[in-house]
Amino acid sequence: MKISVVQTAALVLLIIGSLLSGCTAGDFFEGKKKDGRVIFVEKIADGDSIEAVIGGAREQIRLIGIDAPELAQRPWGKKAKKYLEELVAASGWELGIEYDVERRDKYNRVLAYLWTRNGRLINEEMLRKGLAVLFTFPPNAKYVDRLRAVQVIARENKIGIWGKSGLRELPSEFRKEHPRP
């Protein structure tokens, strides 16, 4: 398989972003349970939201930088939720949590980057599998270059929602046409 210039550039950005971020799974799982950097997931709401216990309190958490299809956007909403559940389950329902500048959205959900025990950034993995789209709101843009690079690769390779039978409308457009009561 021949790699395009765009794919090469995206990969280089991804590697640089990873090196600059300096985050590893060890940052979260070596003695970090007490300071709230490790959370215990109780429920997967959809492809970009979970419920978890943070410091003894149950919180709704929205993954920063991504927008997964709504559950009603079949089959992609359910596929995104299922994959997020697989990632969380593989990490023993215990994840590292990292915040950006703003910690809550207008719905009072916690905004976060979530990390598996083996150092995978879940927000990024959802884009890599083509199960979400890049969705950023500055100032929460710490990993935007890294996330964008992964989406470019998924899109060029027609993975998930970018494939032949992919998503017909972006989740944000779907929500405008189908507002929640």
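If you read the sequence from its start, that first residue is 1, and numbering goes on from there.
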Checklist entry - Does the side chain to side chain contact (heavy atoms under 4.5 Å, CB included) test come out yes or no for Ile39 and Leu114, once each step is laid out? => result CA-CA 9 Å; Ile39 61 170; Leu114 299 177; 3.8 Å; yes
Please give me the minimum heavy-atom distance between [X] and [Y], naming the atom from each residue.
{"X": "Trp76", "Y": "Ser165", "result": "NE1-O, 3.3 Å"}
{"X": "Ala72", "Y": "Phe174", "result": "CB-CZ, 3.7 Å"}
{"X": "Leu71", "Y": "Ala45", "result": "CD1-O, 3.8 Å"}
{"X": "Pro171", "Y": "Asp67", "result": "CB-OD2, 3.3 Å"}

For residues 74-83, the salt bridge (charged side-chain N to carboxylate O under 4.0 Å, His left out) pairs (sequence neighbours left out) are Lys82-Glu86
Applying side chain to side chain donor-acceptor pair (under 3.5 Å) to Arg109 and not counting sequence neighbours gives Asp105
Residue set satisfying side chain to side chain donor-acceptor pair (under 3.5 Å) with Glu125, at least two apart, ordered chain then number -> Arg120, Arg128
- Evaluate the side chain to side chain contact (heavy atoms under 4.5 Å, CB included) criterion for residues Arg104 and Val110: first the C-alpha distance (whole Å), next the side-chain angles of each, then the deciding distance (0.1 Å), finally the verdict. CA-CA 5 Å; Arg104 293 198 180 260; Val110 172; 3.6 Å; yes
Please report the interatomic distance [atom1]([X]) to [atom2]([Y]), rounded to the nearest 0.5 Å.
{"X": "Leu95", "Y": "Trp115", "atom1": "CG", "atom2": "CH2", "answer": "12.0 Å"}
{"X": "Ile122", "Y": "Ile64", "atom1": "CD1", "atom2": "CD1", "answer": "13.0 Å"}
{"X": "Ile153", "Y": "Arg155", "atom1": "CD1", "atom2": "CZ", "answer": "14.0 Å"}
{"X": "Lys176", "Y": "Leu170", "atom1": "NZ", "atom2": "CG", "answer": "9.5 Å"}
{"X": "Leu111", "Y": "Tyr99", "atom1": "CG", "atom2": "OH", "answer": "10.5 Å"}
{"X": "Gln151", "Y": "Ile66", "atom1": "CD", "atom2": "CD1", "answer": "10.5 Å"}

Hey, is CZ on Arg168 packed in by over 12 heavy atoms from elsewhere, all under 6.0 Å? no
Using modelled atom types only, decide if a donor and an acceptor are shared between the side chain of [X] and the backbone of [Y] within a distance under 3.5 Å.
{"X": "Asn123", "Y": "Ala112", "result": "yes"}
{"X": "Glu59", "Y": "Ile54", "result": "no"}
{"X": "Glu169", "Y": "Gln73", "result": "no"}
{"X": "Asn140", "Y": "Gly65", "result": "no"}
{"X": "Asp100", "Y": "Lys142", "result": "yes"}
{"X": "Asp48", "Y": "Arg62", "result": "no"}

So do the side chains of [X] and [Y] get within less than 4.5 Å of each other, counting heavy atoms only?
{"X": "Ile50", "Y": "Lys43", "value": "no"}
{"X": "Glu42", "Y": "Arg58", "value": "yes"}
{"X": "Ile44", "Y": "Tyr83", "value": "no"}

Sorted by chain and number, sequence neighbours left out, side chain to side chain contact (heavy atoms under 4.5 Å, CB included) with Pro139 holds for Val101, Glu102
Across all chains, not counting sequence neighbours, the side chain to side chain contact (heavy atoms under 4.5 Å, CB included) partners of Ile159 are Ala154, Asn157
Residues at least two apart in sequence or cross-chain that pass ring-ring contact (aromatic ring centres under 6.0 Å, His included) with Phe135, listed by chain then number, are Phe137
message: What verdict does the side chain to side chain contact (heavy atoms under 4.5 Å, CB included) test give for Met126 and Leu87, after you've listed the backbone C-alpha separation in whole Å, the side-chain angles of each residue and the deciding distance to 0.1 Å?
response: CA-CA 9 Å; Met126 296 301 291; Leu87 289 170; 4.2 Å; yes
